[in-house]
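Hydrogens, waters and symmetry mates play no part in the numbers below; they use all other heavy atoms, side chains included.
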Amino acid sequence: MLNSLIAESNVELIIYTFSHPSLVDKKFLQFLIKCYVDDNLAPVFWKIIEDGFDLKYAYKLVNDLGFEEHPEALKEVIEGANWE
């Protein structure tokens, strides 16, 4: 997993992963990579990396609450709007 992280990811993701070892397991690492490569999810990636947005909450928004299908609404929520 670490080899693929280093080979395929950007520096910010690597630093985040090593800075937050208790948060980043395989599931969340795959989620972060997905956000990094998907243009619609990129704002989520950068909000997590740069602003410390809650990784588990972001995962829930995208994977459990269906915000992946609504990138504009997702962007509003990560900027502070109510998810409901």
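- In this structure, the side chains of L55 and F31 come closer than 4.5 Å at one or more pairs of heavy atoms.
- When all heavy atoms are compared, the tightest approach of L32 to F45 is O-CD1, 3.5 Å.
- Looking at N82, its side chain does come within 3.5 Å of a backbone N or O of E84 through a donor-acceptor pair.
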Using the side chain to side chain contact (heavy atoms under 4.5 Å, CB included) rule, take L41 and L74 through it: C-alpha gap first, then chi angles, then the decisive distance, then the call.
-> CA-CA 8 Å; L41 297 176; L74 178 60; 3.6 Å; yes

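- Under the side chain to side chain donor-acceptor pair (under 3.5 Å) criterion, K75 pairs with no residue, sequence neighbours left out.
- Atom OH of residue Y59 and atom CG of residue D54 lie 13.5 Å apart, to the nearest 0.5 angstrom.
- For E68, the salt bridge (charged side-chain N to carboxylate O under 4.0 Å, His left out) criterion is met by K34, not counting sequence neighbours.
- For E72, the CD atom is loosely surrounded, since the number of other residues' heavy atoms within 6.0 Å does not exceed 12.
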Could you walk me through whether I78 and D51 pass the side chain to side chain contact (heavy atoms under 4.5 Å, CB included) test, one step at a time?
-> CA-CA 10 Å; I78 64 170; D51 298 336; over 6 Å; no

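- You'll find the side chain of Y57 reaches within 4.5 Å of the side chain of V77, heavy atoms only.
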